[in-house]
Amino acid sequence: MTSSFAPASEAAIGGDLWGVVWKLLRLRVLIFVSGFRRAKLRSKIVMILAVALILIFLGFIFFLSWTLLRFFRSPELVSLLGDIEPVLESVPALIVSGMFIGILLTSFGVLLQALYLAGDMDFLLSAPVPIRAVFMAKLLQAILPNFGLVCLFALPVLYGLGISSGYSFFFYPVVLLVLSALALAAAGLASLFVMLVVRIFPARRVAEVLGFIGAIASFICSQSGQLARWGEAGPAQAQQALKMVTRLNTPWSPLAWAARGLVSLGKADWIAGAGLTALTLLVCGLVFYVALVTSERLYYNGWASMQNITHKRKPVRRSYGLPTWMPTAPAFQVWKPSALQAMIQKDFLVLRRDMRNMSQLVMPLILGIIYFFMLLRSGNDLSVGRGEAPPVVLELIHNASTYTSVGLSLFVGWMLLGRLAGMGFAQEGKSYWLIKTAPVSSARQIVAKFLVAFLPTLGLCFSFLLLTWLIQRSGFATFIFALPAVALCIAGSTGIYLSFGIAGANMNWDDPRHMQKRVASCLGTLASTVYLPISLVLFFGPPIAVTLFDVPEIAGQIAGLLVGGGFSLACAIIPLAVVHRRVARLGEI
Amino acid sequence: MHISLIASPRFLLYDIENMTPNNIPLISTQHLVKKFGEKTAVEDVSFEVFGGEIFGFLGPNGAGKTTTIKMIVGLLQPSSGIVKVGGFDVQNQALQAKAASGYVPDESNLYAKLTGRELLRFVGDLYGLQRQQVDRRIEELLRLFDLSQAGDDTIDSYSHGMQQKTALAAALVHDPKVLVLDEPTVGLDPKSARLIKDLLRQMAERGAAIFLSTHILEIAERMCDRIGIINQGRLISVGTMDELRGTISGEASLEDIFLSLTGGAEYAEIAEVLK
């Protein structure tokens, strides 16, 4: 019998470009719909609630923008800040520029993942579909979530501006059209950057470095507000900030053309509006087309070169093994490093070498530095308001201020612990079989993970304490008391985090964000958040309180160490004792 | 080809070298059952593997091979039944049992950010070997598996075959008396596959028990002293090639026996229709 398979016609195989793009995109839609159908009822309800919340959020932003923009036109504010109309007309320029730069930056990482690191590329490139279609489908898939997110904030603000300014009807659909065109252009440019970078550096390494930089940058941005001197802000600063907005609305910027076109359309200045909008769409289309054609070529070459990549041999400094200071005498050569040492050494090595881990570990350091500067600036004095509180309260506040640096150092350490202890076991991932099949007891594994989390945190907290003490000279006795208190407090927190980490460890993760089950992760953070203030009160409550009764502070410190130490040790040991049997079952489905 | 196998695991509490090969079961499972919720993956599996023997474990996809293997090496806890390795109960004397065995999984999943040399040293430390021994052993194994040059590169730069060979080297660092391999030749070039076959035979000759699962029936037929066939979680046949041939009539290859026992013979007819 001969085979009944015959080659399909060319049209049936490839189809038109947009047809194939739609086929590829439809697959994603089908996967989503199928996932939703098969999801548990609870997950479905959560999803529907999330959509409802997003819609409510959209409405809220819209209402807020509308109200705020009307408020900006109020005579009182105009008398304070001057004529604000140019600023309001610059709002679209601000939003359009922000959206374009935002999509350009975020698309880089997303496109890198979608174009080079996605698992389906082998399949797609070996299928009889045009490479351009694959590229476009990937591009659209990558930018849609970011575009949706941007629209979530940009659209209500722009529509709010339109309504508060009484813009014409055409303003509203054209806003969406212009934003879409700009998003495509931004994604096209981002894809070009991705392909150029991937031709020089390995895609995976770029992704790691990008993750590191992204995490650090976003964290610094989120914390930078802490350093701002809000108390010194006044009308002059507000005027200066508003002037910065108008600077974005410069005539030579293509992004400003888009914004000016929108405003002109809104004001029914049809010729200027239509001209600028058409120019924007033309430039966007041109950028997208050039990016598409260039990327198509670069993409295939880049992807193909990834398949036979030859790794540059770079000697790794021998970091795992005998310490270099250890003599080579026979007595040392028969030294048997214990499994405990081996696991600790291995963990530190892996943590140091993996950029994904580093970004999470560097964050507490940044936080420490920010709070350190804040502490220095405040001079370690807690605010006592107008000083009208009873003397006892003022005395208590004064005493408590002695321990501010201790509290801050613990807070910084607590953040580091969340990563080190919470994911201590889970970070082993699929490699855990190496330890699980080795003759290493669960207790030893727990001790190793405990120390891997505890020791660096202790080092960080002690360094923080030492620095603040050296600069502030807050009292040697306080410093000495703080050392064991901090160590014990961290031990308790480590025990709590590690226990929840064991209970919620997911050893089959591919994406590091899925190392831990969400519930366990949240409960762990919650438990340690409750633990930290309680232990602080137990450690530092007695020495702060005893001074009110003319009892020497040292007596209070000893009492604090006894009470707080007992509590911390209990928190370090009991939760781990409860979950230690689970270690033997880790990795089992 | 000969490599010196020198290590002595700390937890090996009995003199395994003096045991007479072929009469001591180094792997023994008794009425082994593993359930995942409602589904029974392994049902009442009992067999023994003796020192000096290569035991092939065959079965169709999803038959329960990997689940059984994971229970033998202590990665999965049985729902019921007993597994003994080197005479030790894997559940109650886990450390002793694990010290006696080495394991090569079907997917290596090694620490990507360690170098090959660092990984082997880490494994040596986990098994409590002396540093001097480990270093010598690592050099032997890296040379044996042609990994000397790549030994100081991180594992994420290794090819699939190199990672598989590193996993095998890791299983041999402590010179186990029981070696359990899940699809050991997948992804290996012919030279490496041959090396592994020679190595396993040599270990068996020195008294070790080798337990391997494979889909390549030719390997099982030529290498294994005894073969167990598992289907739908049940061990349906165990024996030497001659004993297995006795289960069906006529001169049969292992492929014929396998298809006859696991009910795959009808697929040959379908393939014939598609020609």
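These numbers come from a predicted model, not from an experiment. Order of the sequence lines sets the chain letters (A, B, ...), proteins ahead of strands, with each chain counted from 1.
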* Flag if over 12 foreign heavy atoms under 6.0 Å of NZ, B:Lys70 -> no
* Are the side chain of A:Trp433 and the backbone N or O of B:Ser108 linked by a donor-acceptor pair below 3.5 Å? -> yes
* Looking only at heavy atoms, which two atoms of A:Ala438 and B:Tyr127 are closest? And how far apart? -> CA-OH, 3.7 Å
* **Check: A:Arg352 main-chain N/O paired with B:Lys113 side-chain donor or acceptor under 3.5 Å** => no
* To do: Evaluate the side-chain contact (heavy atoms from CB on, under 4.5 Å) criterion for residues B:Tyr111 and A:Leu434: first the C-alpha distance (whole Å), next the side-chain angles of each, then the deciding distance (0.1 Å), finally the verdict.
  => CA-CA 9 Å; B:Tyr111 295 104; A:Leu434 271 161; 3.8 Å; yes
* Given A:Glu588 and B:Lys34, is the side-chain contact (heavy atoms from CB on, under 4.5 Å) satisfied, shown in steps? -> CA-CA 12 Å; A:Glu588 295 186 17; B:Lys34 181 66 190 176; 4.0 Å; yes
* Mark yes when over 12 heavy atoms from residues, nucleotides or ligands other than A:Lys44 sit less than 6.0 Å from its NZ; otherwise mark no. => yes
* Asked: Among all residues two or more places apart in sequence or in another chain, which pass the ring-ring contact (aromatic ring centres under 6.0 Å, His included) test with B:Phe145?
  -> none
* **A:Met507 side, atom CE; B:Asn109 side, atom CG - distance, nearest 0.5 Å** => 11.5 Å
* chain B: which of A:Ile435, A:Leu586, A:Thr437 shares the most heavy-atom pairs with it under 4.5 Å? -> A:Thr437
* **Greater than 12 external heavy atoms within 6.0 Å of B:Gln232's CD** => no
* To do: For B:Leu114 and A:Arg353, work out which heavy atoms get closest and say how close.
  => CA-NH1, 3.8 Å
* Asked: Atom NZ in A:Lys346, atom CG in B:Asp125: separation rounded to 0.5 Å?
  -> 12.5 Å
* Which heavy atom of A:Met343 sits nearest a heavy atom of B:Leu126, and at what distance? -> CG-CD2, 3.8 Å
